[in-house]
Amino acid sequence: MSEILTVACPTCGQAVIWGEISPHRPFCSKRCQLIDLGEWANEEKKIPSQGDSTENDEWSELPEQ
């Protein structure tokens with residue numbers, strides 16, 4: 001028999017079974033999934049980047065053709 005894999009919901013920390021039984025995985029519910037999406041949309045969460053340049057700065061530095 002295989003072992004049941006569980007992960008912690010990134011929003012509330014509740015244990016979630018990693019499998020088809022949990023359709024919102026890694027979240028425990030649609031509510032937690034939407035809370036996380038809202039945090040990304042409000043820029044409360046972000047992926048760290050290298051340096052201080054923004055995406056627009058990088059494009060403006062390209063030579064014109």
Side-chain angles (χ1 to χ4, degrees):
M1 287 233 156
S2 63
E3 219 174 286
I4 296 175
L5 177 62
T6 60
V7 297
C9 173
T11 304
C12 71
Q14 181 176 338
V16 179
I17 296 174
W18 191 266
E20 291 182 20
I21 194 170
S22 304
H24 303 293
R25 64 186 177 273
F27 303 97
C28 66
S29 65
K30 185 71 171 177
R31 179 181 181 274
C32 281
Q33 188 180 44
L34 291 173
I35 289 170
D36 185 75
L37 177 61
E39 290 172 347
W40 283 98
N42 289 332
E43 297 183 355
E44 295 169 23
K45 291 185 177 180
K46 56 186 171 183
I47 298 173
S49 64
Q50 300 288 331
D52 294 329
S53 65
T54 64
E55 185 175 324
N56 292 338
D57 291 341
E58 292 173 13
W59 287 106
S60 65
E61 293 174 8
L62 294 175
E64 291 185 28
Q65 294 181 359

Worksheet item: Hey, is CG on L5 packed in by over 12 heavy atoms from elsewhere, all under 6.0 Å?
Response: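 Above 12, so yes.
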Discussion item. Tell me whether E20 at atom CD has more than 12 heavy atoms from other residues, nucleotides or ligands lying less than 6.0 Å away.
Written reply: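 12 or below, so no.
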Worksheet item: Can you name the nearest heavy-atom pair linking C32 to C12, along with the distance?
Response: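 Heavy atoms of C32 and C12 come nearest at SG-SG, 3.9 Å.
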Worksheet item: What are the two closest non-hydrogen atoms of K46 and W40, and how far apart are they?
Response: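 Distance-wise, the nearest heavy atoms are CA-CZ3, 3.6 Å.
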Worksheet entry | Side chain to side chain, V16 and H24, heavy atoms closer than 4.5 Å |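 V16 vs H24: side chains apart.
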Distance check, rounded to the nearest 0.5 Å: [X] atom [atom1] versus [Y] atom [atom2]?
X	Y	atom1	atom2	value
T11	E39	OG1	CD	6.5 Å
T6	Q14	OG1	CD	11.0 Å
C9	R25	SG	CZ	13.5 Å

Discussion item. Test of understanding: clusters of I, L, V, M, F, W, Y form through side-chain heavy atoms closer than 4.5 Å, transitively. Do I4 and V7 belong to the same one?
Written reply: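 In one cluster: no.
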